[in-house]
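The structure under discussion appears below in the form of structure tokens.
Atom set for the values below is all heavy atoms of this structure, side chains included, hydrogens, waters and symmetry mates excluded. Source: prediction; values computed, not measured.
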Amino acid sequence: MTNTETHRLWVAHGPAGAVGTIQQDGETYVVRMLGRDEPAGSYPSMEVAKNALFSQLKPGSAWPEFREH
């Protein structure tokens with residue numbers, strides 16, 4: 001029997017360029033903001049991770065576009 005883990009990556013882009021990433025690691029989604037060493041958190045779904053990433057942006061920021069890489 002083989003265990004396969006899912007690893008996918010999305011880059012969040014705002015008007016000025018990339019602002020962070022969301023990496024799916026199995027059933028967990030890890031948010032990282034560009035320029036920070038530590039992850040911003042680990043979340044149970046992509047939607048929750050997107051909202052968490054957005055909450056890390058400056059107030060008044062536009063919703064980023066998420067592109068899978």
Within this structure, what is the [atom1]-[atom2] distance for the pair [X] and [Y], rounded to the nearest 0.5 Å?
X     : Y     : atom1 : atom2 : result
Thr21 : Met33 : OG1   : CE    : 9.0 Å
Tyr29 : Leu53 : OH    : CG    : 14.5 Å
Glu27 : Ser45 : CD    : OG    : 11.5 Å

- Query: What are the two closest heavy atoms between Tyr43 and Ala52, and how far apart are they?
  - Reply: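 That closest heavy-atom pairing would be CZ-CB, 3.4 Å.
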- Shortest non-hydrogen separation from Leu34 to Ala18 and the atoms involved: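 What the structure gives for the nearest pair is CD1-O, 3.3 Å.
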- Polar side-chain atom of Glu38 near backbone of Ala40 as donor-acceptor pair, under 3.5 Å: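 Absent.
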Could you tell me if the side chain of [Y] sits less than 4.5 Å from the side chain of [X], heavy atoms only?
X     : Y     : result
Pro64 : Phe66 : yes
Asp25 : His7  : yes
Lys50 : Trp63 : yes

- Message: Please say yes or no: joined through hydrophobic side-chain contacts below 4.5 Å, possibly via intermediate residues, are Val30 and Val19 part of one cluster?
- Response: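 They do not share one cluster, since no chain of ILVMFWY contacts under 4.5 Å joins Val30 to Val19.
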- Can you spot which of Glu68, His69, Met46, Gln23 makes a side-chain contact (heavy atoms from CB on, under 4.5 Å) with Arg8?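 So, applying the side-chain contact (heavy atoms from CB on, under 4.5 Å) to Arg8 and each of Glu68, His69, Met46, Gln23, only Glu68 qualifies.
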